[in-house]
K.L.:
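Sharing a structure below in structure tokens format, with a few things to ask.
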There are 2 protein chains.
Amino acid sequence: MKKGHQITMKEIAKKLGVSVSTISRALKDSPELHPETKRKIVEMAKEMNYQPNLLAQSLRISRSKTLGVIVPEITSHFFASCISGIQDAANKRGYNVMICQSNESLEQEKANIRTLVSSQVDGLLISLSRETNQYEHLYDLYDREINFVLFDRVQEDIPVSKVTFNDAGGAYQVVKHLLENGSRRIVYVSGPEDLYISKKRKEGYQKALSEYGIELDAALIKVSDLTTEGNVKVAAEIAEMQPRPDAVFCMIDPVAVDVLTEWKKLGVKVPEDIALAGFTDNPTAAVVEPPLTTVSQPGYEMGKLAVSHLLDQLDGIASEDPISIVLETTLVSRKSSQHF
Amino acid sequence: MKKGHQITMKEIAKKLGVSVSTISRALKDSPELHPETKRKIVEMAKEMNYQPNLLAQSLRISRSKTLGVIVPEITSHFFASCISGIQDAANKRGYNVMICQSNESLEQEKANIRTLVSSQVDGLLISLSRETNQYEHLYDLYDREINFVLFDRVQEDIPVSKVTFNDAGGAYQVVKHLLENGSRRIVYVSGPEDLYISKKRKEGYQKALSEYGIELDAALIKVSDLTTEGNVKVAAEIAEMQPRPDAVFCMIDPVAVDVLTEWKKLGVKVPEDIALAGFTDNPTAAVVEPPLTTVSQPGYEMGKLAVSHLLDQLDGIASEDPISIVLETTLVSRKSSQHF
DNA sequence: CTGTTAGCGCTTTCAC
DNA sequence: GTGAAAGCGCTAACAG
């Protein structure tokens with residue numbers, strides 16, 4: 001089974017005794033063409049099952065009508081939702097999408113950018129890896145005037161458009177909810193501290209506490225490396241804290257799920273002993289026992305918006321000045337937070 | 001912010017006062033080149049930050065080094081795993097990947113094939129949509145000698161390579177497990193009956209029953225359309241069956257999760273009243289209460305294998321004759337099946 | 001060892 | 001209205 005032969009304009013031209021340029025014109029519905037020849041050509045093209053060679057077309061017009069996407073992990077439900085939104089929105093506007101995953105590695109992220117740029121994508125949508133703590137590769141894109149927008153995992157200082165969630169706001173919502181339910185000693189389980197979301201969600205946590213006149217207690221901030229082992233370790237530490245905290249807010253759902261699982265082993269009951277909340281509203285959050293209170297983030301929407309804005313920039317519809325789009329999150333209150 | 005200018009070979013050539021072909025040769029490390037010129041060129045290319053234009057290259061050599069992937073849904077954890085495996089394996093062999101989702105629609109599937117073929121992918125990896133019950137578009141690919149392999153959701157009659165799970169075997173494993181645990185009246189909740197996996201898993205179900213000398217009872221076969229509503233309806237029907245079955249085997253985990261959730265509302269206890277099992281080992285399966293007995297399918301592996309085989313065919317390493325690769329599944333026994 | 005030439009499939013002036 | 005010709009960036013004979 002070898003690569004089959006694709007029909008080209010040349011062949012249609014020969015068959016019809018006209019020139020390739022006429023074929024090209026007919027197929028893009030140029031007005032300065034005899035309706036009859038046009039009809040004939042379109043018909044023949046259909047009959048011969050002609051499919052344009054997008055490669056040649058792109059090379060010629062130096063626009064590939066393809067966007068590049070880089071996410072840390074495709075298997076994460078949240079990023080999969082983003083991708084889904086990106087695909088749909090891009091296709092609707094006639095663009096294809098090439099997706100890459102960085103596997104949370106800076107090197108891989110750079111490599112992905114390189115191949116996507118080589119592939120002549122018209123623009124990039126990037127969500128940074130956890131490892132990414134230097135940004136030359138992004139400034140490099142910027143210097144080369146290659147369009148890109150950052151989404152979810154962004155770097156604040158780079159002067160490009162960004163789509164993010166109101167992370168601080170979401171954290172504020174959920175911590176306020178815990179406070180309203182009577183909790184006062186509330187632990188925040190953070191990820192690595194230089195992560196954008198670690199910082200933003202901590203901000204929300206602090207704001208909610210201070211509104212209730214509670215001073216920040218460094219002992220109540222736990223940091224996990226976000227591996228299962230790390231999460232389990234934190235869970236065990238919390239279980240042994242004296243006095244036991246009233247509630248725990250985990251930066252992301254998977255941490256909360258790991259904590260919950262570990263506590264079951266240790267005999268710590270949720271929400272009776274401690275209230276628990278996460279962030280993201282992963283599919284697992286709804287089905288664990290007890291169902292997990294969390295904050296939902298519309299990933300599909302985020303993907304759609306990021307694409308729209310990128311394409312608006314490419315098409316010159318949107319201003320060239322970078323903007324920041326902030327999506328609101330919604331509190332999803334479930335049983336895990338009904339402590340009192 | 002406009003599309004930036006990319007350095008071309010021509011520019012390097014001019015700067016160095018040599019011809020483009022020399023540049024081309026140097027950059028692909030041709031042996032018939034003066035080491036010194038080669039060194040100079042490579043150095044200059046690096047300095048000018050040259051990135052090859054893959055579009056031009058592909059057009060020239062009529063090989064895009066890109067594979068197309070079509071999955072029903074990116075947000076499904078299983079397919080996301082497959083994609084992840086596909087990406088990793090393809091990149092390792094120097095290929096890029098364009099991913100599309102059919103959203104379980106035949107029309108979308110056809111459209112995806114069209115754009116991927118237009119994009120000159122060297123081969124396709126396809127998992128069919130649920131709606132796909134006619135196959136001209138696949139035979140068309142076949143006739144045009146475009147390489148593709150089917151994975152997971154396959155059509156058996158098409159003479160191309162396929163990668164599947166031993167679905168019948170997996171179903172057999174889990175039903176046998178239910179039988180060993182003492183269940184005798186076992187319900188099978190199927191998806192639409194023309195789906196490949198509906199049939200295959202039913203086969204395994206039947207085989208296990210017949211080994212235990214149990215005759216097939218049509219009343220114990222339930223069909224869901226796989227929407228939440230459909231699953232809930234089936235759950236309610238089962239709850240009212242007289243006599244109540246001992247166990248329920250659902251074709252896929254999401255069905256089992258929906259059934260479990262509905263039964264909680266109806267007061268049916270798992271595993272005390274009825275044992276429950278699913279198939280796929282979604283992340284949710286491990287965290288529901290009680291944890292769900294299921295069958296795990298290595299999606300990442302499947303993706304890797306599908307790519308390897310496709311590329312082997314493209315590179316002429318593998319024979320052109322289609323083969324069928326069957327992956328084994330493993331039973332994951334959890335609490336939901338401990339009925340007796 | 002290196003340059004010249006042709007051409008991948010397509011679009012787009014510029015002629016007629 | 002339609003054709004001829006040039007060229008997008010690259011590779012690969014073919015010369016020398």
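Proteins get letters first, then strands, A, B, ... in listed order; numbering begins at 1 in each. As the structure is a computational prediction, the values presented were derived from the model and not from experiment. All values below come from the heavy atoms of this structure, side chains included, with hydrogens, waters and symmetry mates left out.
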K.L.:
Once you round it to whole Å, what is the distance between C1' of C:dT2 and CD of B:Glu36?
P.N.:
15 Å
K.L.:
Distance alone, cut at 3.5 Å: any donor-acceptor contact between the side chains of B:Arg63 and B:Gln120?
P.N.:
no
K.L.:
Compare side-chain N and O positions of B:Tyr50 against OP1 and OP2 of D:dC10 and report whether any pair is under 4.0 Å apart.
P.N.:
yes
K.L.:
Just so I know, are the side chains of B:Arg144 and A:Gln51 near enough to count as touching, which here means a heavy-atom distance under 4.5 Å?
P.N.:
yes
K.L.:
Would you say the side chains of A:Ser19 and A:Thr22 form a donor-acceptor pair under 3.5 Å?
P.N.:
yes
K.L.:
What string of B, S and - do you get for nucleotides 1-8 of chain D, 5' to 3', if B is base contact, S is sugar-phosphate-only contact and - is no contact with any protein heavy atom under 4.0 Å?
P.N.:
BBBB-BBB
K.L.:
Tell me: CD of A:Gln6 to C1' of C:dC10, nearest whole Å?
P.N.:
14 Å
K.L.:
Can a salt bridge be assigned to the pair A:Asp140 and A:Lys110 using a cut-off of 4.0 Å between side-chain N and carboxylate O?
P.N.:
no
K.L.:
In whole angstrom, give the distance that lies between atom NZ of B:Lys28 and atom C1' of D:dC10.
P.N.:
9 Å
K.L.:
Between B:Ser84 and A:Gln101, do the side chains contain an N or O donor and an N or O acceptor separated by less than 3.5 Å?
P.N.:
yes
K.L.:
How close or far is atom P of C:dC10 from atom CD1 of A:Ile7, stated in whole angstroms?
P.N.:
10 Å
K.L.:
Which whole-number value in Å describes the distance from B:Ile12 CD1 to C:dG3 P?
P.N.:
14 Å
K.L.:
Taking C-beta and beyond as the side chain, do A:Tyr196 and A:Leu128 meet within less than 4.5 Å on heavy atoms?
P.N.:
no
K.L.:
From CG of B:Leu16 over to P of C:dG3, roughly how many Å is that when rounded to an integer?
P.N.:
10 Å
K.L.:
Take the protein atom CE of A:Met9 and the nucleotide atom P of C:dT12, then report the distance between them rounded to whole Å.
P.N.:
10 Å
K.L.:
Send over the distance from A:Arg63 CZ to C:dT12 P, rounded to a whole Å.
P.N.:
12 Å
